[in-house]
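A quick note: this is a predicted structure, and the numbers were derived from the prediction, not measured.
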Amino acid sequence: MGEHPSPGPAVAACAEAERIEELEPEAEEPLPAAPEDHWKVLFDQFDPGNTGYISTGTFRSLLESHSSKLDPHKREVLLALADSHADGQICYQDFVNLMSNKRSNSFRQAILQGNRRLSSKALLEEKGLSLSQRLIRHVAYETLPREIDRKWYYDSYTCCPPPWFMLTVTLLEVAFFLYNGVSLGQFVLQVTHPRYLKNSLVYHPQLRAQAWRYLTYIFMHAGIEHLGLNVVLQLLVGVPLEMVHGATRIGLVYVAGVVAGSLAVSVADMTAPVVGSSGGVYALVSAHLANIVMNWSGMKCQFKLLRMAVALICMSMEFGRAVWLRFHPSAYPPCPHPSFVAHLGGVAVGITLGVVVLRNYEQRLQDQSLWWIFVAMYTVFVLFAIFWNIFAYTLLDLKLPPPP
């Protein structure tokens, strides 16, 4: 780790607090809890225009006026956390979180990492780092918009567990593709082979009652050109996101995108099969790109505009390939080639559920109102799609292609 500047009084106080907590954990006095309406009254006094924001300077003044209620070292940490807001403003929910110690990465963790959190030295300025430390720092700057979160992640990441979810899914996709390539004797545009749809993993409209197909279709790809881009995006975007946010959250976004993709096809492109992991991949990539745009000033990844342009071009080319293939004369008429609508289902999940996940690093999703709104929307869509699959095909008297 690089050299740190000499700690000031506030840092020394934080270090001393850490030692006291380690020796006498029962003696620590928590920040006095207060009802949120009490904080609302305080907040409104400094927000006469009802904008929903106060400046960090105002928050500092408020902390000074309530300093008698706080231990000095905790007050210093709250000040450091307030100063980490790059836009110089604090919204009401941030205010409540800071004052009532609701966030998991609030002042308790800041105290335990006091030397780093109160240091004026940016993480990017650290010198003498090992290769693994530089990698972790790179991932932090690629995914997190706030310096205080980047430092916390850099200090706390242990690579245990590793990003197993994205790596496992990618390896399985490659393995199934190679197996099918050998079986069919074809690796480019495998989907044009007459026996391609006979695989029990592909989603097919005639076999939509076999529920596993709504998920397992991700292990079948139209060809090496289809698999290649999905694998690259999963490794370059999915793995870093999993390193930061964990397998549970990233796996949830990925699987939600996959299921939304197949259900979207069953509703909007009812006669077409589905293959490929584009639903999950587009969910992750669109969430990441949306998070960068929404936190543009805070994201410090290099060449972010150029890289966003390249990512959008690659996604557009893949989507264009899927559209072309869908309307290309089929190799197994009357069944058309696989649908492109799964891509759109993945994007919809990414800019809703995915953005909420990526914007709430080290915070409880169940405490975020937007999370529940988007979960409710997703649930309504899934229930609608289920009933659509049960009744609409019969009511519309739709002529489906024969089963493979």
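Side chain of R213 to backbone of V202: a donor-acceptor contact under 3.5 angstrom is found. Side-chain atoms of R195 come within 3.5 Å of backbone atoms of S183 as a donor-acceptor pair (strictly under, hydrogens ignored). At distances below 3.5 Å, not a single donor-acceptor pair connects side-chain atoms of Q368 with backbone N or O atoms of V356. Between the Y217 side chain and the V258 main chain, a donor and an acceptor come within less than 3.5 Å of each other. Y378 contributes a side-chain N or O that, together with a main-chain N or O of A256, makes up a donor-acceptor pair within less than 3.5 Å. Not a single donor-acceptor pair under 3.5 Å links the side chain of H221 to the backbone N or O of H226. Judged purely by atom type and a 3.5 angstrom limit, W372 uses its side chain to pair as donor or acceptor with the backbone of Q366. Listed for the Q190 side chain is no donor-acceptor partner under 3.5 Å among the backbone atoms of T192. The main-chain N or O of L189 is found under 3.5 Å from a side-chain atom of Q186 such that the two form a donor-acceptor pair. At distances below 3.5 Å, at least one donor-acceptor pair connects side-chain atoms of E242 with backbone N or O atoms of W164.
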- Message: Please determine whether side-chain contact (heavy atoms from CB on, under 4.5 Å) holds for the pair R208 and L400, giving the CA-CA distance in whole Å, both sets of side-chain angles, and the decisive distance to 0.1 Å.
- Response: CA-CA 11 Å; R208 64 188 184 279; L400 295 177; 3.6 Å; yes
- Verify side-chain contact (heavy atoms from CB on, under 4.5 Å) between M270 and L396, making sure each step is shown before the conclusion. CA-CA 11 Å; M270 300 166 66; L396 295 175; 3.9 Å; yes
- Just do the side-chain contact (heavy atoms from CB on, under 4.5 Å) check on L235 and M166 with the steps written out, would you? CA-CA 7 Å; L235 294 178; M166 292 309 308; over 6 Å; no
- Passes side-chain contact (heavy atoms from CB on, under 4.5 Å), L358 versus T143? Steps please. CA-CA 8 Å; L358 300 192; T143 56; over 6 Å; no
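Here the side chains of P338 and V191 are in contact, with some heavy-atom distance below 4.5 Å. A heavy-atom distance below 4.5 Å is found between the side chains of L353 and W371. A heavy-atom distance below 4.5 Å is found between the side chains of R359 and N295. Residues V253 and L284 have side chains in contact (heavy-atom distance under 4.5 Å, counting atoms from C-beta outward). Looking at L172 and T168, their side chains come closer than 4.5 Å, going by heavy atoms from C-beta outward. Looking only at side-chain heavy atoms (C-beta outward), F327 and F340 come within less than 4.5 Å of each other. You'll find the side chain of L215 stays beyond 4.5 Å of the side chain of S262, heavy atoms only. At a threshold of 4.5 Å between non-hydrogen side-chain atoms, the residues Y153 and I136 count as touching.
Annotation: cation-pi pair R150/Y361 absent, no NZ/CZ under 6.0 Å from the ring centroid and within 45° of its normal.
A side-chain donor-acceptor contact under 3.5 Å links Q234 and Y254. Under the 3.5 Å distance criterion, with hydrogens and angles disregarded, no donor-acceptor pair is assigned to the side chains of H288 and E142. Side chain to side chain, N389 and Y214 meet the donor-acceptor criterion of an N or O pair below 3.5 Å.
In this structure, I351 and S286 approach most closely via the heavy-atom pair N-OG, 4.2 Å. Scanning both residues, L229 and C314, for their nearest heavy atoms gives CD2-O, 3.4 Å. Here the closest non-hydrogen pair linking Y203 and S266 is OH-CB, 3.2 Å. Across all their heavy atoms, Y282 and M315 have their closest contact at OH-O, 2.7 Å. Looking at every heavy atom in both residues, A272 comes nearest to P336 through CA-CG, 3.9 Å. In plain terms, the two heavy atoms of H204 and P401 that are nearest each other are CE1-O, 3.9 Å.
Distance check, rounded to the nearest 0.5 Å: CG of L201 to CG of N180 gives 7.5 Å. Going from atom OH of Y141 over to atom CE of M299 covers 11.5 Å, rounded to the nearest 0.5 Å. With rounding to the nearest 0.5 Å, the separation of CE in M317 from CH2 in W324 is 13.0 Å. One finds the OG1 atom of T352 at 11.0 Å from the CZ atom of F381 (value rounded to the nearest 0.5 Å). F187 contributes atom CZ, which lies 11.0 Å from atom CG of L227 (distance to the nearest 0.5 angstrom). Summarising the geometry, atom CG belonging to N230 is positioned 4.0 Å from atom OG belonging to S278; distances are rounded to the nearest 0.5 Å.
Taking the six-membered ring for Trp and the full ring otherwise, H343 and F319 have centroids separated by under 6.0 Å. Ring centroid separation for the pair F219 and F176 comes in under the 6.0 Å cut-off.
Here the rule is side chain to side chain contact (heavy atoms under 4.5 Å, CB included) with L241, and of V357, V285, V139, I250 only I250 fits it.
Taking the six-membered ring where the residue is Trp, F391 and F387 present parallel rings, their angle staying beneath 30° rather than reaching 60°.
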